[in-house]
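Presented below is the structure to which this report refers.
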Amino acid sequence: MGTTVNVVRVDFPRLLIEKNRNGTKRYRVRVEGKKRKRMTVPVGPEHSDFPHHYYAARVGETWSPSTLKVAERSLDWLVGRYLDFLSRMVEAGQMFPATLKQRRSVLTRLCNLQDHDGTRYGDCNMNAPTSAFIEIRDAWASPPLPPEQPTISSNQFEQSILGLLNELKSTTILRRASGQSTETQRAEQRHGHPQT
């Protein structure tokens, strides 16, 4: 008993498939009403976002996926703040772009790791106890990395985490200066679970 696959053919008028000199395909779309204007579609027809890019290009626009709203005070939120800070450091010439790139890679992968319950670390409260960061460190070492992801040394991981924790400290100091009650802060520090 074999499986049946229904194949649906979708027609994309004015889609041009061109070959680059290196043999890769490039997908371009003619803008409706403007014969000579062509826009490049960054993904191929097999990609799930292709129709969005295609229809936007037909009207002469580019499509970008909407950014997800991050819960305030989550690890994702803290990483975003920290990476914004590093970007400003690079723009000011006080840090190398390669450092930003490496830390972005490490911290993005860290936030996408999941604990044994399936909870994404990036969704957890940033005021998690130290034991939670130790659990993250241990989880980082245990799963085998997919072949497309480069290996990262423990030194690079520790530098990224230390920078993130320094950002956490400065955020906490700013919050204390703004007058948030210490009882609320203690309650948030005790709970490292996802925010609702």
Side-chain angles (χ1 to χ4, degrees), residues 1-91 95-115 117-124 136 139-140 143-152 156-157 160 164 194-196:
M1 304 288 177
T3 59
T4 304
V5 177
N6 294 329
V7 178
V8 177
R9 186 178 188 285
V10 179
D11 189 27
F12 294 108
R14 306 288 188 248
L15 174 65
L16 306 169
I17 302 171
E18 302 168 346
K19 260 192 174 175
N20 290 328
R21 283 185 279 172
N22 61 2
T24 59
K25 292 180 181 177
R26 177 171 65 171
Y27 300 95
R28 297 179 68 188
V29 178
R30 286 191 180 138
V31 176
E32 195 169 350
K34 298 180 181 175
K35 274 202 275 190
R36 294 191 173 140
K37 186 170 182 183
R38 296 177 181 176
M39 297 192 67
T40 302
V41 177
V43 295
E46 67 282 346
H47 196 278
S48 60
D49 289 339
F50 181 80
H52 301 293
H53 289 286
Y54 169 80
Y55 291 115
R58 284 290 284 155
V59 295
E61 299 174 357
T62 56
W63 179 80
S64 61
S66 61
T67 58
L68 298 174
K69 184 144 174 90
V70 175
E72 192 170 327
R73 300 290 201 236
S74 68
L75 196 56
D76 280 330
W77 178 82
L78 180 65
V79 166
R81 281 181 52 117
Y82 179 58
L83 292 176
D84 288 344
F85 167 73
L86 293 181
S87 296
R88 290 191 305 272
M89 294 279 289
V90 168
E91 289 170 8
M95 183 178 281
F96 289 108
T99 304
L100 170 63
K101 181 179 177 184
Q102 175 249 322
R103 293 210 179 151
R104 179 179 289 125
S105 172
V106 169
L107 294 172
T108 302
R109 285 172 50 192
L110 177 133
C111 286
N112 289 330
L113 280 176
Q114 295 182 353
D115 66 4
D117 296 330
T119 304
R120 213 176 136 267
Y121 287 120
D123 296 336
C124 295
I136 292 171
W140 180 273
L145 293 174
E148 68 273 0
Q149 289 188 340
T151 58
I152 293 176
Q156 291 171 331
F157 178 77
S160 298
L164 186 65
Q195 297 187 353
T196 55

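Predicted, not measured: the structure shown is a model, and the values here were computed from it.
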Considering non-hydrogen atoms only, spot the tightest contact between Ala57 and Val31 and give its length.
O-CG2, 3.5 Å
Give me the atom names and distance for the closest heavy-atom approach of Arg38 to Glu18.
NH1-OE2, 3.5 Å
Looking only at atom types and distance, does a side-chain atom of Asn22 sit under 3.5 Å from a main-chain N or O of Thr24, one as donor and one as acceptor?
yes
At their closest point, which heavy atom of Thr62 faces which heavy atom of Met39, and how far apart are they?
CG2-CE, 3.7 Å
Approximate separation, where rounding is to 0.5 Å, of Asn112 CG and Leu107 CG:
11.0 Å
In terms of heavy-atom contacts, does CZ of Arg14 have more than 12 from other residues, nucleotides or ligands at under 6.0 Å?
no
Counting only heavy atoms not in Phe85 (residues, nucleotides, ligands), do more than 12 fall under 6.0 Å from its CZ?
no
Closest approach of His47 to Asp49 (non-hydrogen atoms, all atoms of both residues)
ND1-N, 3.0 Å
Nearest 0.5 angstrom please: Met89 CE to Asp84 CG, how far?
13.5 Å
Value for CG (Leu75) from OH (Tyr121), rounded to nearest 0.5 Å, stands at 10.5 Å
One should read off an interatomic distance between Leu100 CG and Arg88 CZ, to the nearest 0.5 angstrom, of 11.5 Å
Would you say the side-chain atoms of Tyr54 pair up with the backbone N or O of Pro13, donor to acceptor, closer than 3.5 Å?
yes
Is the shortest heavy-atom distance from the side chain of Phe50 to the side chain of Leu15 under 4.5 Å?
yes
Any chance you could measure Arg30, atom CZ, to Arg36, atom CZ, to the nearest 0.5 Å?
11.0 Å
Cut-off 3.5 Å, side chains only: do Ser74 and Asp76 have a donor facing an acceptor?
no
Nearest atoms (heavy-atom pairs only) where Val90 meets Phe96:
CG2-O, 3.9 Å
Parallel under 30°, tilted from 30 to 60°, perpendicular over 60°: which one fits the rings of Trp63 and His53?
perpendicular
Rounded at 0.5 Å granularity, tell me how far CG in Leu78 sits from SG in Cys124.
12.5 Å
CD of Glu32: more than 12 outside heavy atoms within 6.0 angstrom?
no
For Arg104 and Ser87, work out which heavy atoms get closest and say how close.
NH2-OG, 3.9 Å
